[in-house]
**Student:** 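Encoded as structure tokens, here's the structure I'll be asking about.
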Amino acid sequence: MGTFSHALSIHFPSSLAFSKHCYYSTVTTTDTDDTERNSNGTQFLISMRNLCRSGQVKNFGEALDLFQRMARMKPLPSVKDFTLLLGVIVRLRHYTTAISFVKHMYSSLGIEPDTITLNIVINCLCRLKLISFGFSVLGTMFKLGLEPTLITLTNLINGLCVQGNVAQAIVLADHMEKMGYPLDVYTYGVLVNGLCKMGDTSVAVGWLRKMEERNWTPNVVVYSTVIDGLCKDGLVAEALNLCSEMSGKGVWPNLVTYTCLIQGLCSFGRWKEVGSMLDEMMKMGMMPDLQTLNILVDAFSKEGKVMQAKSVIGFMIIMGEEPDVFTYNSLIHIYCLQNQMNEAMRVFNFMVCRGCLPDIVVFTSLIHGWCKNKNINKAMHLLEEMAKMGFVPDVVTWTTLIGGFCQAGRPLAAKELFFNMHEHGQVPNIQTCAVILDGLCKGNLVSEAVSLVGAMEKSNLDLNIVIYTILLDGMCSAGKLNAAWELFSSLPAKGLQINIYTYTIMIKGLCKQGLFDKAEDLLMNMEENGCLPNNCTYNVFVQGLLTNKEEIARSIKYLRIMRDKGFSVDAATTEMIINYLSTHKGDTGIQEFLFQKNSTFREFH
DNA sequence: ACTAATCGTA
């Protein structure tokens with residue numbers, strides 16, 4: 001078993017190993033109470049077990065009281081009784097307390113933790129996103145001569161997944177299989193969920209199939225997870241197929257399954273099918289809940305169908321469901337995007353009047369709205385208001401404000417916010433970096449952007465291809481092609497995968513400098529590197545060629561290639577062809593590319 | 001006695 005840690009090369013820190021001192025002193029015990037002795041004690045334990053098993057312990061105070069009474073008993077209750085109560089504490093989400101109780105049990109009460117107790121500790125650590133400590137507890141298990149169970153390892157796999165480290169989770173799962181631990185429904189479920197949450201839905205489907213091959217019947221939870229992943233990937237047809245497939249096996253969709261499918265259909269505006277899905281669901285005896293209805297409100301809002309969104313809210317109220325902060329935010333958000341700040345503020349005031357407390361998301365939506373309306377003062381005022389109400393602006397709020405200052409033509413003020421946000425306890429993330437860099441580039445401050453990227457590279461931020469693509473776009477637009485080319489060439493050495501956007505931006509930049517041969521080479525080079533140019537890439541290249549009347553032959557050549565590949569001429573390209581024709585009336589070679597019969601239809605397909 | 005899942009903001 002020691003080979004698990006070896007396989008993952010995980011170092012076990014000793015900080016959470018079970019030493020003789022207690023880290024948390026939440027538990028105080030007094031001398032043994034006579035009432036807890038003997039038959040009374042037995043009576044108490046029986047009622048404690050009943051309370052825990054029936055889910056009647058609803059608040060933390062009761063659980064704490066039970067623990068303290070158990071800790072005072074003589075003789076002490078068994079580990080089994082303690083872990084029963086620990087399970088309740090975990091269900092109440094008091095993870096740190098559960099861990100400190102286990103420590104107290106060991107250091108003060110002398111109860112040796114067993115595998116199941118340590119499984120609880122590992123689960124708590126994983127939920128607290130302290131996965132490396134979870135592995136150190138696994139180390140402790142080995143030291144104590146305890147054999148980890150499948151649940152132990154499933155907890156660790158889940159911890160790795162929750163942390164976003166699905167690759168390592170898979171390594172561990174593969175290793176488990178090789179070591180003779182047959183994975184069970186939970187292990188597969190955890191992995192499938194982790195993969196779906198990371199957006200690796202196709203790999204998740206692979207594990208689902210593997211599970212079926214091993215003769216496990218995935219339950220409705222596992223299927224729903226994959227169905228949701230497929231929907232989020234835009235693969236709604238596959239999601240619907242999987243739903244029929246599971247029904248065929250006697251695994252019936254539940255409210256969650258329907259909710260996932262409804263959201264998938266909503267995001268493609270497939271309203272008719274949304275309607276029949278709701279009908280089907282209700283025919284099966286399931287009523288849409290607040291969450292399902294909120295999805296409808298949000299989807300209608302995003303499509304600009306505010307009337308329909310409001311009628312769903314009406315339905316909600318008829319059904320006895322009070323609209324919540326999600327419901328109101330969907331409306332506020334859409335009004336902000338439509339520059340209807342009066343309406344947005346009206347909904348905001350309405351929700352407050354109805355006793356629905358706004359949250360940080362609502363404030364961020366409104367701040368975004370005021371920024372979009374170039375009313376930075378109102379945005380800053382709201383920032384103050386929310387702070388007064390005790391809300392701490394998060395990284396999303398700051399990013400919104402930074403973007404707002406950029407949009408309002410104040411990139412240097414935005415840069416100041418970027419550097420000052422950490423004083424408010426918030427650290428820029430990759431999106432924040434993207435927003436400020438784009439703002440600086442668009443505000444003709446490319447050199448500022450270049451030096452900022454230099455600073456970001458020195459910090460711990462893991463810069464991705466998107467960041468460099470933004471910078472390359474800025475450099476190309478500013479005419480700094482040589483520097484851009486040098487940076488572009490250095491990207492593979494940084495371990496970054498150049499994508500279609502990066503290539504397209506460089507092709508545009510090269511054309512801007514009249515370097516058409518080099519641009520053409522790059523276009524060819526893309527195909528060789530397994531990055532197929534798309535509609536946009538070809539349009540950008542042809543637009544570049546059309547700026548130079550010497551390149552008309554090459555324009556026609558590429559327009560033909562586009563037609564052969566089934567690509568369409570976009571609006572900007574069409575405009576340039578028309579401009580060319582208006583000054584070169586005799587030139588008929590290019591006319592055939594205007595109003596191509598199929599182009600419009602292709603674009604809508 | 002211990003293990004997994006659906007909704008909103010840049």
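So you know, we letter chains A, B, ... as the sequences are listed, proteins then strands, and number each from 1.
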**Student:** May I ask you to say what A:Arg49 touches in the nucleic acid, namely base, sugar-phosphate or nothing, with a heavy-atom cut-off under 4.0 Å?
**Tutor:** nothing
**Student:** Among B:dG8, B:dA5, B:dT3, which is the nearest nucleotide to the side chain of A:Phe326?
**Tutor:** B:dG8
**Student:** Which pairs of donor and acceptor atoms, one on a side chain in residues 190-200 of chain A, lie under 3.5 Å apart (sequence neighbours left out)?
**Tutor:**
from	atom 1	to	atom 2	distance (Å)
A:Asn193	OD1	A:Lys197	NZ	3.0

**Student:** Of A:Ile120, A:Ile122, A:Val121, which meets side-chain contact (heavy atoms from CB on, under 4.5 Å) against A:Cys124?
**Tutor:** A:Ile120
**Student:** Using OP1 and OP2 only, check whether a side-chain N or O of A:Lys302 sits under 4.0 Å from B:dC7.
**Tutor:** no
**Student:** Would you indicate which nucleotide in B:dT6, B:dA1, B:dG8 comes nearest to any side-chain atom of A:Lys80?
**Tutor:** B:dA1
**Student:** Could you please name the option among B:dC2, B:dG8, B:dA10 that lies closest to any side-chain atom of A:Arg91?
**Tutor:** B:dC2
**Student:** To the nearest angstrom, how far is A:Asn193 atom CG from B:dA5 atom P?
**Tutor:** 6 Å
**Student:** What is the distance, rounded to the nearest whole Å, between atom CE of A:Met48 and atom P of B:dA1?
**Tutor:** 11 Å
**Student:** The criterion is side chain to side chain contact (heavy atoms under 4.5 Å, CB included); which residues satisfy it with A:Ser267, sequence neighbours excluded?
**Tutor:** none
**Student:** Which pair of heavy atoms, one from A:Val162 and one from A:Lys129, lies closest together, and at what distance?
**Tutor:** CG1-CE, 3.8 Å
**Student:** Mind calculating the distance between CG (A:Leu383) and P (B:dT9) to the nearest angstrom?
**Tutor:** 20 Å
**Student:** Please state how far atom CG in A:Leu230 lies from atom C1' in B:dT6, giving the value in whole angstrom units.
**Tutor:** 14 Å
**Student:** Holding to side chain to side chain contact (heavy atoms under 4.5 Å, CB included), I want the full list of residues that pass it with A:Asn294, two or more places apart in sequence or in another chain.
**Tutor:** A:Leu290, A:Met316, A:Asp324, A:Phe326, A:Thr327
**Student:** Please report, rounded to the nearest Å, how far the P atom of B:dA1 is from the CG atom of A:Asp114.
**Tutor:** 12 Å
**Student:** What about A:Thr83, does its side chain sit under 3.5 Å from the base of B:dA1 through a donor-acceptor pair?
**Tutor:** yes
**Student:** Looking across every strand, which nucleic acid part, if any, lies under 4.0 Å from A:Gln431 by heavy atom: base, sugar-phosphate, or nothing?
**Tutor:** nothing
**Student:** With a non-hydrogen cut-off below 4.0 angstrom, is A:Ser330 in contact with a base, only sugar-phosphate, or nothing?
**Tutor:** nothing
**Student:** Tell me every residue that passes ring-ring contact (aromatic ring centres under 6.0 Å, His included) with A:Phe350, counting only those two or more places apart in sequence or in another chain.
**Tutor:** none
**Student:** The side chain of A:Asn155 lies closest to which of these nucleotides: B:dA5, B:dG8, B:dT3?
**Tutor:** B:dT3
**Student:** With sugar-phosphate meaning primed atoms plus P, OP1 and OP2, does A:Ile116 contact a base, only sugar-phosphate, or nothing at under 4.0 Å between heavy atoms?
**Tutor:** base
**Student:** For A:Asp81 and B:dC2, what is the distance between atoms CG and P respectively, to the nearest whole Å?
**Tutor:** 12 Å
**Student:** Reckon A:Asn219 touches a base, only the sugar-phosphate, or nothing at all at heavy-atom distances under 4.0 Å?
**Tutor:** base
**Student:** State, yes or no, whether a side-chain contact exists between A:Lys378 and A:Met345 at a heavy-atom distance under 4.5 Å.
**Tutor:** no
**Student:** Among the nucleotides B:dC7, B:dT3, B:dT6, which one has an atom lying closest to any side-chain atom of A:Lys197?
**Tutor:** B:dT6
**Student:** Among B:dA5, B:dA1, B:dG8, which is the nearest nucleotide to the side chain of A:Leu84?
**Tutor:** B:dA1
**Student:** Between B:dG8, B:dC7, B:dT3, which nucleotide has the shortest distance from any of its atoms to the side chain of A:Gln291?
**Tutor:** B:dC7
**Student:** Which nucleotide wins on minimum distance to the side chain of A:Val361, given the candidates B:dC7, B:dA10, B:dT9?
**Tutor:** B:dT9
**Student:** Can you name the salt bridge (charged side-chain N to carboxylate O under 4.0 Å, His left out) partners of A:Glu280, sequence neighbours left out?
**Tutor:** none
**Student:** Is any side-chain N or O of A:Lys372 closer than 4.0 Å to OP1 or OP2 of B:dT9?
**Tutor:** no
**Student:** Side-chain N or O of A:Lys232 versus OP1/OP2 of B:dA5: is the shortest distance under 4.0 Å?
**Tutor:** no
**Student:** Pick base, sugar-phosphate or nothing for A:Asp359, based on heavy-atom distances below 4.0 Å to the nucleic acid.
**Tutor:** base
**Student:** From the options A:Leu255, A:Val312, A:Val256, select the one residue that forms a side-chain contact (heavy atoms from CB on, under 4.5 Å) with A:Thr292.
**Tutor:** A:Leu255
**Student:** When we call it a touch if two heavy atoms are under 4.0 Å apart, what does A:Thr259 touch: a base, just sugar-phosphate, or nothing?
**Tutor:** base
**Student:** For DNA chain B, determine which residues of residues 390-399 of chain A have any heavy atom closer than 4.0 angstrom to one of its atoms, and list them numerically.
**Tutor:** A:Val395, A:Val396, A:Thr399
**Student:** Within the structure shown, what part of the strands sits under 4.0 Å from A:Ile151 by heavy-atom distance: base, sugar-phosphate, or nothing?
**Tutor:** base
